[in-house]
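Convention: sequence-line order gives letters A, B, ...; per-chain numbering from 1.
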Number of protein chains: 2
Amino acid sequence: MPNSSPPMPTPAELELLRVLWERGPSTVREVQTAVGADTTGYTTILKQLQLMLEKGLVSRDESQRAHVYEARVDASITQRQLVDDLVERAFGGATDKLVLRALSSERVTADELRAIRDLLDALDDED
Amino acid sequence: MPNSSPPMPTPAELELLRVLWERGPSTVREVQTAVGADTTGYTTILKQLQLMLEKGLVSRDESQRAHVYEARVDASITQRQLVDDLVERAFGGATDKLVLRALSSERVTADELRAIRDLLDALDDED
DNA sequence: ACAAACATACGAAAAGTTTCGTATGTGCAA
DNA sequence: TTGCACATACGAAACTTTTCGTATGTTTGT
């Protein structure tokens with residue numbers, strides 16, 4: 001009886017999820033290599049993934065000696081969860097405030113702005 | 001010698017900052033009332049504000065018996081700091097991805113979309 | 001067969017965050 | 001003046017998150 005939907009990932013967990021999203025199913029060793037083998041010990045990654053397994057954030061295939069871990073939560077859903085959380089905590093629920101803040105921050109390229117405008121247009125057409 | 005710029009606020013600290021941003025300079029009691037006197041003990045708020053003082057997130061006026069705390073960091077700067085942090089951790093630095101994710105989330109009203117479009121136009125005119 | 005390399009499990013230290021209890025001081029009203 | 005309401009200071013408990021050490025088992029190359 002899986003209790004409910006998995007909890008929001010912690011920062012360290014998010015980093016590992018991002019590896020799994022990008023690489024697909026991976027062994028502990030592969031994940032460690034991806035995050036930089038010198039920055040974090042092997043057993044640290046292992047333990048982290050084991051915790052994530054308990055939380056339902058990942059699943060694993062134990063058919064091989066080196067277990068293969070796979071993300072159990074969507075990138076899109078998790079990202080929205082994180083964004084919504086920040087919107088709530090920092091902007092009192094006003095999504096547009098967050099967007100405005102993000103856009104007025106530097107390092108948004110012209111291409112990115114165009115992508116956003118396209119989405120706005122698409123949203124308009126929906127109604 | 002203030003070391004450098006204040007660190008990013010933790011979630012609990014952010015909640016208190018939001019009260020100070022909205023109310024302006026406030027006593028511990030006032031802050032506690034604002035966050036809901038029943039949810040968090042008085043000394044908890046007090047201690048939190050004392051820690052925030054050490055971190056440079058707030059300043060205080062001790063001329064009265066009940067010290068008056070004031071935010072030392074801008075809402076806009078702090079919010080951008082938090083957004084940038086999330087962009088980095090969850091979207092690999094791609095600000096537009098975060099924006100797209102935020103916008104495709106429900107609960108963005110037509111008014112909010114208009115505000116965003118206006119900003120896009122303003123950004124265009126800048127160059 | 002045996003040592004070296006590599007894998008998991010798991011307890012627990014280390015570090016960070018949040019909450020509160022207790023000691024203590026000060027102003028004020030009966 | 002005496003006691004009550006209310007304030008700060010501060011240590012430390014309670015949690016959460018992150019990191020690692022150690023025990024132990026399995027595979028592989030010589």
*Asks:* In this structure, how many angstroms lie between the C1' atom of dT18(C) and the CD atom of Q48(B), rounded?
*Replies:* 7 Å
*Asks:* When you check the phosphate oxygens OP1 and OP2 of dC20(C), does a side-chain N or O of T43(B) lie under 4.0 Å from one of them?
*Replies:* no
*Asks:* Determine which pairs satisfy side-chain hydrogen bond (donor to acceptor under 3.5 Å, both in side chains) with at least one residue from residues 112-121 of chain A, sequence neighbours left out, and list them in order.
*Replies:* D111(A)-R114(A), R117(A)-D121(B), R117(A)-D124(B), D121(A)-R117(B)
*Asks:* How far does CG of L51(B) sit from CD of E13(B), to the nearest 0.5 angstrom?
*Replies:*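 Result: 7.0 Å between the selected atoms.
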*Asks:* Side chains of W21(A) and L17(A): closer than 4.5 Å at any heavy-atom pair?
*Replies:* yes
*Asks:* Where along residues 49-73 of chain A does a heavy atom come under 4.0 Å from DNA chain D, residue by residue in number order?
*Replies:* L51(A), R65(A)
*Asks:* Taking atom P of dT8(D) as reference, at what distance in whole Å does atom CZ of R29(B) sit?
*Replies:* 9 Å
*Asks:* Side-chain N or O of Y42(A) less than 4.0 angstrom from OP1 or OP2 on dT8(C)?
*Replies:*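 So the side chain of Y42(A) is within the cut-off, an N or O lying under 4.0 Å from OP1 or OP2 of dT8(C).
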*Asks:* Could you grab the distance from atom CD of Q48(A) to atom CD of Q50(A), nearest 0.5 Å is fine?
*Replies:*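 Reported value, rounded in 0.5 Å steps: 10.0 Å.
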*Asks:* Take atom NZ of K47(A) and atom C1' of dA9(C), then tell me their distance rounded to the nearest Å.
*Replies:*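 The answer, rounded to whole Å, is 8 Å.
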*Asks:* To the nearest 0.5 Å, what is the distance between CZ on R29(A) and NE2 on H67(A)?
*Replies:* 14.0 Å
*Asks:* What residue pairs, at least two apart or across chains, pass side-chain hydrogen bond (donor to acceptor under 3.5 Å, both in side chains) with a residue in residues 69-82 of chain A?
*Replies:* R60(A)-Y69(A), Q79(A)-R101(B)
*Asks:* Restricting to non-hydrogen atoms, name the atom on V99(B) and the atom on A102(A) that form the minimum distance, rounded to 0.1 Å.
*Replies:* CG2-CB, 4.0 Å
*Asks:* From S26(A) OG over to I45(A) CD1, what is the distance, rounded to the nearest 0.5 angstrom?
*Replies:* 11.5 Å
*Asks:* Which residues in residues 81-92 of chain A have a heavy atom closer than 4.0 Å to any atom of DNA chain D?
*Replies:*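 Those residues: none at all.
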*Asks:* Can you tell me if E62(B) has over 12 outside heavy atoms packed within less than 6.0 Å of its CD?
*Replies:*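 It does: E62(B) CD has more than 12 such atoms within range.
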*Asks:* Can you list the residues that meet the salt bridge (Lys or Arg N to Asp or Glu O under 4.0 Å) rule with K47(B), with sequence neighbours excluded?
*Replies:* none
*Asks:* Name every residue in residues 9-28 of chain A that has at least one heavy atom under 4.0 Å from any atom of DNA chain D, in order of residue number, or write none if there are no such residues.
*Replies:*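 Of all residues in residues 9-28 of chain A, the ones placing a heavy atom under 4.0 Å from DNA chain D are T10(A), P11(A), A12(A).
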*Asks:* Are E30(B) and R23(B) within salt-bridge range, i.e. N to O under 4.0 Å?
*Replies:*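 So E30(B) pairs with R23(B) through a salt bridge.
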*Asks:* Would you kindly give the CD1-to-C1' distance between I45(A) and dA9(C), to the nearest whole Å?
*Replies:*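 From I45(A) CD1 to dA9(C) C1': 16 Å.
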